[in-house]
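Throughout, numbering of the chain's residues begins at 1 and tracks the sequence.
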Amino acid sequence: MSDLRNMFTSKDFVINSNIVKCISAIDITLDEFLLVLYFINVSSLLNTEDIQEKLGFDEEKIFNTFTSLINKKYIEMVVTNNNGEVIEQIKLDPLYDRLALNKKTDSTNNKDIYAMFESELGRTLSSFEYEMINKWLEKGVSEETIKSALKEAVLNGVRSFKYIDKIVYEWSKKGIKNKIKEEKQKEDKAEDDSILDFEWFDENE
């Protein structure tokens, strides 16, 4: 029993925490991720027998998973000839580039939203305010909702983060679509009212 426990608790696969943080942002299945882990930790060579032993995949699953990773351009295979011996080496650079691109895009978007807050509020954000924006994003609130809440607060002459947080909460709860629909209806009504108020007869005088 203790041997089985040791087998499950032994740490023979290691992965960088940055990959763990970013991997969910790309289109990758569990089988694909496990095969990537094999290439990271065990070998950069396509050894089907060893993969079967380490991951428990049969030949068909190895082929399908490997082909899918190639088609998604997460890995590439480089074939070399070493003194008559053909070596198929797996390169993970495409995957790392994709993860880095997603990380850069997220970082850029976050900087954009911070800059927007500072521009609209006319001051530098405090560490507490930075943290609050981060919490909204971590909870899955869209940037569109956050930016719209900021504009709503500014239009109402309120620059309190507590007030903005209340708007974000309410809109996230009810859905931003309902808010946009209401704003569209207000705009349409205002446009209709302006047409009715126009002094048509004055134009002919």
Does atom OH (Y130) have a neighbourhood of more than 12 heavy atoms from anything else shown, all under 6.0 Å?
yes
Treat each ILVMFWY residue as a node, draw an edge where side-chain heavy atoms are under 4.5 Å apart, and state whether I87 and V79 are in one component.
no
Between atom OG of S44 and atom CD of E88, what is the distance when rounded to the nearest 0.5 Å?
11.5 Å
E129 and R123, any side-chain heavy atoms less than 4.5 Å apart:
yes
Report yes or no: do F63 and F33 belong to one cluster of Ile/Leu/Val/Met/Phe/Trp/Tyr joined by side chain heavy-atom distances under 4.5 Å?
no
Would you please test I164 and W136 for side-chain contact (heavy atoms from CB on, under 4.5 Å) and show each step?
CA-CA 11 Å; I164 298 172; W136 292 332; 3.7 Å; yes
Can you check whether V78 reaches T80 side chain to side chain, under 4.5 Å on heavy atoms?
yes
Less than 3.5 Å apart, any donor N or O on the side chain of Y114 or N134 sitting next to an acceptor on the other?
yes
Exceeds 12 heavy-atom contacts within 6.0 angstrom, atom OH of Y163
yes
Would you name the heavy atoms of K73 and P94 that are closest together and state the gap between them?
O-CB, 3.2 Å
Decide yes or no for Y74 and L99: does some side-chain heavy atom of the first lie under 4.5 Å from some side-chain heavy atom of the second?
no
Does NZ or CZ of K61 lie under 6.0 Å from the centre of the six-membered ring of F57, at an angle within 45° of the ring axis?
yes
Rounded at 0.5 Å granularity, tell me how far CE in M132 sits from CD1 in I146.
11.0 Å
Gap separating the OG1 atom of T65 from the CD1 atom of I70, nearest 0.5 angstrom:
12.0 Å
Closest heavy-atom pair, L45 versus Y38, reported as atoms and distance to 0.1 Å, is O-CE2, 4.1 Å
Are any of the side-chain heavy atoms of F117 and K147 separated by less than 4.5 Å?
no
Just verifying a value: how many Å separate E120 CD and L155 CG, rounded to the nearest 0.5 Å?
8.5 Å
Show, in sequence, the C-alpha distance, side-chain angles and deciding distance for N71 and F66, and conclude whether the side-chain contact (heavy atoms from CB on, under 4.5 Å) test is met.
CA-CA 9 Å; N71 291 337; F66 179 79; over 6 Å; no
Transitive ILVMFWY side-chain link Y169 to F128, under 4.5 Å
no
Has E118 got a side-chain atom pairing as donor or acceptor with L125's backbone, closer than 3.5 angstrom?
yes
Does the side chain of E49 reach to within under 4.5 Å of the side chain of K54, using non-hydrogen atoms?
no
Taking side chain as C-beta onward, heavy atoms only, is I19 less than 4.5 Å from I40?
yes
About how many Å separate CG of L150 and CD1 of I113, when rounded to the nearest 0.5 Å?
8.5 Å
From L95 atom CG to I90 atom CD1, the distance as rounded to the nearest 0.5 Å
12.5 Å
Between D165 (side chain only) and F161 (backbone N and O only), is there a donor and an acceptor less than 3.5 Å apart?
no
Please step through side-chain contact (heavy atoms from CB on, under 4.5 Å) for the pair L35 and D31, ending with a clear verdict.
CA-CA 6 Å; L35 189 54; D31 288 343; over 6 Å; no
Does E131 pair with K135 as a salt bridge, N-O distance under 4.0 Å?
yes
Do S68 and E32 pair up side chain to side chain, a donor and an acceptor below 3.5 Å, judged on atom types alone?
yes
For I51 and L46, what are the C-alpha separation, side-chain angles and deciding distance, and is it a side-chain contact (heavy atoms from CB on, under 4.5 Å)?
CA-CA 8 Å; I51 292 173; L46 184 60; 4.0 Å; yes
E59, CD atom: more than 12 neighbouring heavy atoms under 6.0 Å
no
Could you check whether any side-chain heavy atom of N64 comes within less than 4.5 Å of a side-chain heavy atom of E60, counting everything from C-beta outward?
yes
Given side-chain hydrogen bond (donor to acceptor under 3.5 Å, both in side chains), test S142 with T145 step by step and report yes or no.
CA-CA 5 Å; S142 69; T145 300; 2.8 Å; yes
Below 4.5 Å, heavy atoms only, C-beta onward: do I75 and K91 meet side chain to side chain?
no
Does any N or O in the side chain of S119 come within less than 3.5 Å of the main-chain N or O of A115, such that one atom is a donor and the other an acceptor?
no
